[in-house]
Amino acid sequence: MKTKIILLGPPGCGKGTQAELLGDRLDFVRLSTGDMLREAVRNDTPLGKEAKKYMDAGALVPNDVIIGMMKDKIRELKGTFLLDGFPRTVEQADALAKEIDIDVAINLDVDDEELVSRLTNRRSCPECNSVYHLINKVPKKEGVCDKCGCKLYQRDDDTEKTVRNRLRVYRENTYPLIEYYRERGKLATIEGIGDIEYIYTQVSKALK
Ligand code: AMP
């Protein structure tokens, strides 16, 4: 099985949901730059202060900040792991390639209007980072995380205006990574629309 994977795709494509399933069922260690940055913002660290202004605008945090944050983490990675939300630019992908030869980049393909609907209806757990959707993946008890019982919240960057900016930023900066990994024979594209379990089956097949 492929054990060193990247989850690619626009915000709202289901990376977080599939990462959660791969972690729960196949013991993938998940490294999410978005979760790491949000924790830094919550703890009001120097990194958090620097990152917040970009995140609130739906812009990318500068490459040197992200690469600095990830460098040691990547070196420490062993066994089965997935990267969620990193790399997001060619510069980040080059920095990653210097440290690790990944097995596959899984690209979850979803159209823009579906992404806007998913993100504006998304609710997240601040504690365990589980994600829910007000229509498609409703928590058992309204406003409460099924897994850890914490109060769910709407991310500051999941409002429609910021979401549209994040999608524009994705097309400009991250979309070229699809070609980057295709050229290197590492790309697996999966349609990210439909039943979560069906998409998970397709993702699992791409790991064989
Ligand atoms: P995410 O949770 O992956 O949607 O990330 C939320 C926000 O964190 C993004 O909109 C960016 O502002 C920032 N971010 C996360 N990962 C990266 C990255 N690899 N490069 C630059 N900014 C990032």
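Computed from heavy atoms alone, side chains included, the values below leave out hydrogens, waters and symmetry copies. Whatever order the structure lists ligands and atoms in, that order sets their numbers, starting from 1.
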(message) Are Leu119 and Leu7 connected into the same hydrophobic cluster when the rule is that any two of I, L, V, M, F, W, Y join if their side-chain heavy atoms are below 4.5 Å apart?
(response) no
Pairs under 3.5 angstrom only: tabulate donor-acceptor contacts from the side chains of residues 67-78 to other protein residues two or more places apart or in another chain.
unit_1: Arg75; atom_1: NE; unit_2: Glu99; atom_2: OE1; d: 3.1
unit_1: Arg75; atom_1: NH2; unit_2: Glu99; atom_2: OE2; d: 3.2

(message) Does anything in residues 44-68 form a side-chain hydrogen bond (donor to acceptor under 3.5 Å, both in side chains)? List the pairs, not counting sequence neighbours.
(response) Glu50-Lys53, Lys52-Asp56, Asn63-Thr89, Asn63-Glu91, Asn63-Gln92
(message) Ring of Tyr200, cation from Arg25 - is the NZ or CZ under 6.0 Å from the centre and inside 45° of the axis?
(response) yes
(request) Pick whichever of Arg88, Lys15, Met70 has a heavy atom sitting closest to atom 3 (O) of ligand 1. (result) Arg88
(request) Please determine if Lys137 forms a cation-pi arrangement with Tyr132, meaning its NZ or CZ atom is less than 6.0 Å from the six-membered ring centre and no more than 45° off the ring axis. (result) yes
(message) If we set the cut-off at 4.0 Å for heavy atoms, which region of Leu37 has an atom near ligand 1: side chain, backbone, both, or neither?
(response) side chain
(request) Examine the proximity of ligand 1 to Val61 and report which part, side chain or backbone, both or neither, has a heavy atom under 4.0 Å away. (result) both
(message) Using a 3.5 Å cut-off on N or O atoms only, is Gly85 in polar contact with ligand 1?
(response) yes
(message) Judged on heavy-atom distance to atom 6 (C) of ligand 1, which of Gln92, Arg155, Arg166 sits nearest?
(response) Arg155
(message) Below the 3.5 angstrom mark, is there an N/O of Thr33, backbone or side chain, next to an N/O of ligand 1?
(response) yes
(message) With a 4.5 Å cut-off on side-chain heavy atoms, are Leu187 and Asn107 touching?
(response) yes
(request) For atom 11 (C) of ligand 1, state which one of Gly34, Pro62, Ala59, Ala57 supplies the nearest heavy atom. (result) Ala59
